[in-house]
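All values derive from a computational prediction rather than experimental measurement. Count residues from 1 along the sequence.
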Amino acid sequence: MLSKNLVGKLNDQINLEFFSSNLYLQMAAWCVSQGLRGSALFLGKHAGEEMMHMRKFFDYVNETGNLAVLGKIEAPSADYPSLGDLFVLVLEHERTVTGKINALVDVALQEKDFATFNFLQWFVSEQHEEEALVGEIVGMVKLVGGEGQGLYLLDREIASIAARPPGGNPADAAG
Ligand code: FEO
């Protein structure tokens with residue numbers, strides 16, 4: 001049985017995943033406004049994944065006989081100085097999410113809630129993958145630059161990353 005403390009923290013996570021989805025969808029809109037179709041594709045796809053994460057937490061809370069509660073979601077920023085800055089923000093956001101997942105794992109262990117600990121393991125792996133993927137893009141921005149022809153090449157490369165099958169992240173094989 002989930003403690004009240006864990007139910008509260010899992011509900012907070014539902015909200016954070018919702019926010020992540022809105023953030024990436026808003027970023028995708030900004031990319032479209034800048035003619036960056038490849039990046040818009042990547043971010044739009046990612047927004048869908050975040051909704052799936054939200055749903056996993058939502059279903060878990062309900063399945064354990066508790067009430068999933070949807071809270072107020074902050075509006076994401078709609079403007080970004082550049083594509084490079086945008087992806088640095090994505091990486092920072094994913095690191096924040098990883099910190100929250102780790103904190104949840106920590107509480108589950110402290111409370112000897114092994115079912116929740118087990119449920120969270122999928123998210124531990126997912127965060128590793130997401131950080132590696134976005135880290136790869138931030139690295140590419142540094143290599144090719146985020147202006148002129150570099151920006152065009154970068155956007156095309158991000159489109160090809162968006163087209164990778166699930167689990168098709170080369171960083172996984174390297175790790
Ligand atoms: Fe649901 Fe990108 O973390």
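In this structure, Glu94 CD and Ile101 CD1 are separated by 9.5 Å, a value rounded to the nearest 0.5 Å. The distance from atom NE2 of His93 to atom CG of Leu23, rounded to the nearest 0.5 Å, is 5.5 Å. Rounding to the nearest 0.5 Å gives a distance of 12.0 Å between NZ of Lys112 and CZ of Phe117. Taking CG of Leu86 as the start and CD of Gln34 as the end, the distance is 10.0 Å to the nearest 0.5 Å. Note that the NZ atom of Lys100 and the CG atom of Asn15 stand 11.5 Å from one another [nearest 0.5 Å]. In this structure, the separation between CZ on Phe19 and CD on Gln26 is 10.0 Å, given to the nearest 0.5 Å.
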For this session: Assess whether side-chain hydrogen bond (donor to acceptor under 3.5 Å, both in side chains) is satisfied between Glu131 and Thr98, documenting all intermediate values.
Result: CA-CA 9 Å; Glu131 280 195 34; Thr98 300; 2.6 Å; yes
Exercise. Does the pair Tyr152 and Arg156 meet the rule for a side-chain contact (heavy atoms from CB on, under 4.5 Å), with working shown?
Worked result: CA-CA 6 Å; Tyr152 173 74; Arg156 266 193 17 185; 3.6 Å; yes
Exercise. Between Glu130 and Glu49, is a side-chain contact (heavy atoms from CB on, under 4.5 Å) present by the stated rule, with each step listed?
Worked result: CA-CA 11 Å; Glu130 291 196 345; Glu49 286 180 21; 4.0 Å; yes
For this session: Verify side-chain contact (heavy atoms from CB on, under 4.5 Å) between Leu154 and Ile158, making sure each step is shown before the conclusion.
Result: CA-CA 6 Å; Leu154 185 65; Ile158 293 172; 4.0 Å; yes
Exercise. Does the pair Ile161 and Met140 meet the rule for a side-chain contact (heavy atoms from CB on, under 4.5 Å), with working shown?
Worked result: CA-CA 12 Å; Ile161 292 176; Met140 278 181 352; 4.1 Å; yes
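Taking 4.5 Å as the limit, some side-chain heavy atom of Val97 sits within range of a side-chain heavy atom of Ser20. In this structure the side chain of Val107 never reaches within 4.5 angstrom of the side chain of Thr116, judged on heavy atoms. Within the 4.5 Å cutoff, the side chain of Glu50 has no heavy atoms near those of the Asn22 side chain. When side chains are defined from C-beta on, Leu151 does not count as touching Val144, because their heavy atoms never get closer than 4.5 Å. Looking at heavy atoms from C-beta onward, Val88 lies in side-chain contact with Glu92 at the 4.5 angstrom threshold. Phe42 is listed as a side-chain neighbour of Phe87, based on a closest heavy-atom distance under 4.5 Å. Within the 4.5 Å cutoff, side-chain heavy atoms of Phe58 are placed close to those of Leu70.
Note on Val138 and Leu83: same hydrophobic cluster, where clusters join Ile, Leu, Val, Met, Phe, Trp and Tyr whose side-chain heavy atoms are under 4.5 Å apart, directly or indirectly. In this structure, Trp122 is a member of the same hydrophobic cluster as Leu2, with clusters built from ILVMFWY side-chain heavy atoms closer than 4.5 Å. In this structure, Met51 is not a member of the same hydrophobic cluster as Leu25, with clusters built from ILVMFWY side-chain heavy atoms closer than 4.5 Å. Both Ile14 and Phe123 sit in one connected hydrophobic cluster of ILVMFWY residues. Membership requires side-chain heavy atoms under 4.5 Å apart, directly or through other members. In the hydrophobic cluster analysis, where Ile, Leu, Val, Met, Phe, Trp and Tyr join through side-chain heavy atoms closer than 4.5 angstrom, Ile137 is grouped together with Leu91.
Between Phe57 and His53, the distance separating the two ring centers is not shorter than 6.0 angstrom.
Within a 6.0 Å sphere centred on CD of Glu147, heavy atoms belonging to other residues, nucleotides or ligands number 12 at most. Atom CD of Gln121 has more than 12 heavy atoms from other residues, nucleotides or ligands within 6.0 Å.
Shortest non-hydrogen contact noted between Val141 and Gly84 is CG1-CA, 3.7 Å. Residues Ala159 and Gly38 share a closest heavy-atom pair of CB-CA, 3.6 Å. Between Ser82 and Asp85, the shortest heavy-atom contact is OG-OD2, 2.6 Å. In terms of heavy-atom proximity, Gly44 sits nearest to Ala28 at N-CB, 3.8 Å.
Met1 belongs to no hydrophobic cluster, as no Ile, Leu, Val, Met, Phe, Trp or Tyr side chain comes under 4.5 Å of its own.
Although no hydrogens or angles enter the test, the distance criterion places a donor-acceptor pair under 3.5 Å between the side chain of Ser21 and the main chain of Ala47. A side-chain donor-acceptor contact under 3.5 Å links Lys45 to the backbone of Ala162. Remark: the backbone N or O of Arg37 is paired with a side-chain donor or acceptor of Asp155 at under 3.5 angstrom. At least one donor-acceptor pair closer than 3.5 Å links the side chain of Asn66 to the backbone N or O of Thr64. Judged by distance alone, the side chain of Asn11 and the main-chain N or O of Leu67 form a donor-acceptor pair under 3.5 Å.
With 3.5 Å as the limit, one finds a donor-acceptor pair spanning the side chains of Gln110 and Asp106.
Aromatic ring pairs are classed by plane angle as parallel below 30°, tilted from 30° to 60° and perpendicular above 60°; the pair His46 and Tyr24 is perpendicular.
The pair Glu136-Arg164 meets the salt-bridge criterion, with a side-chain N (NZ, NE, NH1 or NH2) lying under 4.0 Å from an Asp/Glu carboxylate O.
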